[in-house]
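Worksheet for the structure shown next.
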Amino acid sequence: MRLDKFLANMGVGTRSEVKQLLKKNQVQVNGKNEKQSKAQINPEEDTVTVNGDFIRYVDKVYIMLNKPAGYISATEDNEHSTVLDLIDDFQNLNIFPVGRLDKDTTGLILLTNDGQFNHDIMSPNKHVSKIYRVEAEKAVSQQDIEIFADGVELSDGKAQPAELKCTEESKTVYVTIQEGRFHQVKRMFHAIDNEVLKLKRVQIGQLQLDSSLSEGDYRELTTEEIELVQQ
Ligand code: URA
């Protein structure tokens, strides 16, 4: 990979800023100053530093974000802020959100630049479960739990069986679904003559939202967590 591309991709600066750094002898490859933008490096093996600071090579990125309300799940939008506006790092790595949460939905959303990972989580054939905490308008009944378990009738066809779990206060419930249809949870509640007042995704696969992340905060997933998502 060209040295200037590597530095720009790792967020050190724009191509022209990087060129200036190189010119001013501020970049070292394996301990030696390098001035050439077009110098070839092996990012897996060579050690690149800028003014002595090590530049970590990142190829694939996996991020969990605690999404606040008011942001849309897209990479760009002319009118609204997007979840990407909340991510300060990895600017040049073409990250995108995995699936969608509605603008008013909060909680766990993943971002990546790994198309295969995205496919593995989103594909209906892979049956990756998603758990949402719902604050509903009315308390749910035993009958509602059974209707969800059987599969709620929606306008675009019957939903797959879903698990509805209540806490002591039964207006706050947890629903587990494996599909990701448009407004699915809201439409499922509407179909049982109830309404979702607040929706928060708390888990994808076996990966729970990190409770230490405040709304708007994010962090990279560990290798173990990348596995957990797909279970
Ligand atoms: N179901 C919904 O209705 N909205 C979401 O954001 C996610 C699931």
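Just follow the structure's listing: the first ligand is 1, and inside any ligand the first atom is 1.
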Protein contact to atom 1 (N) of ligand 1 [nearest heavy atom, distance to 0.1 Å]: Val185 N, 3.1 Å

Please say whether [X] places an N or O atom under 3.5 Å from an N or O atom belonging to ligand 1.
{"X": "Asp102", "value": "yes"}
{"X": "Tyr132", "value": "no"}
{"X": "Thr105", "value": "yes"}

Side chain to side chain contact (heavy atoms under 4.5 Å, CB included) between Ile121 and Ile204, intermediate numbers included: CA-CA 9 Å; Ile121 294 163; Ile204 300 175; 4.1 Å; yes

Crowding at CD, Glu76 (>12 non-hydrogen neighbours, <6.0 Å): no

Asn94, CG atom: more than 12 neighbouring heavy atoms under 6.0 Å: no

Side chain Asp46, main chain Ile41, donor-acceptor under 3.5 Å: no

Donor-acceptor pair between Asp210 and Ser212 side chains, under 3.5 angstrom: yes

Ligand 1 contact on Val196 by region, counting heavy-atom pairs under 4.0 Å: neither

